[in-house]
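All values below come from the heavy atoms of this structure, side chains included, with hydrogens, waters and symmetry mates left out.
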Amino acid sequence: IGMKVVPTVSEYFAIKKAIVIAKESGKTVRDIQTSFDKQASASYIDSISGKDLEIIRDGENFEVSFAYEKKISLMGPLSLVIDYRGGTARKSSGSKID
């Protein structure tokens, strides 16, 4: 199970890093999306793209968040579903395993 979960966790942390970089480099929503897509390409992120990000203006700045579900087939009809979510706001949650 661990060998199937570890790559998804690595991707989650790559996404968290990419949204921070995108937020810092973008001045508009489109800039943030484009920057994230460039980071995603370099980091082999394929679960989400820039258009999947939730980008909200917070005064002068933007807050960027994401949420996605990863389904991992274990054997036969048995699967593990992980709901990943995070963001640049301090109150962003980590991941939740269902």
Testing the basics here: between F36 and G50, what is the closest heavy-atom pair and its distance to 0.1 Å? CD2-N, 3.5 Å

Derivation and outcome, side-chain contact (heavy atoms from CB on, under 4.5 Å), residues V29 and F62: CA-CA 8 Å; V29 170; F62 289 99; 3.9 Å; yes

Partner residues of N61 under the side chain to side chain donor-acceptor pair (under 3.5 Å) criterion, sequence neighbours left out: none

Side-chain heavy atoms under 4.5 angstrom apart, residues restricted to Ile, Leu, Val, Met, Phe, Trp, Tyr: same cluster for V6 and I1? no

Would I72 and I48 show up in the same hydrophobic cluster when neighbours are defined by side-chain heavy atoms closer than 4.5 Å? yes

Under the side-chain contact (heavy atoms from CB on, under 4.5 Å) test, which residues partner E11, sequence neighbours left out? I15, I45, D46, S47, Y68, K70

Ignoring hydrogens and angles, tell me if any N or O in the side chain of S35 forms a donor-acceptor pair with the backbone of D31 under 3.5 Å. no

Nearest 0.5 Å, please: how far is NZ in K71 from CD1 in I82? 13.0 Å

Residues forming a side-chain contact (heavy atoms from CB on, under 4.5 Å) with S73, sequence neighbours excluded: S79

Derivation of the side-chain contact (heavy atoms from CB on, under 4.5 Å) call for E24 and V20: CA-CA 6 Å; E24 291 172 356; V20 170; 3.6 Å; yes

I need the full list of salt bridge (Lys or Arg N to Asp or Glu O under 4.0 Å) pairs touching residues 32-44, with sequence neighbours left out, sorted by first then second residue. none

Nearest-0.5 Å distance, CZ of residue R85 to NZ of residue K16: 12.5 Å

Applying side chain to side chain donor-acceptor pair (under 3.5 Å), can you list everything that pairs with S43, at least two apart in sequence or on another chain? none

Mind jotting down which residue pairs meet the salt bridge (Lys or Arg N to Asp or Glu O under 4.0 Å) criterion with at least one end in residues 54-63? Sequence neighbours excluded, please. K23-E63

Establish whether L74 and Y84 are linked, either directly or via other cluster members, by ILVMFWY side-chain heavy-atom contacts under 4.5 Å. yes

Is there a side-chain contact between F66 and Y12 in this structure, where contact means two heavy atoms from C-beta onward sitting under 4.5 Å apart? yes

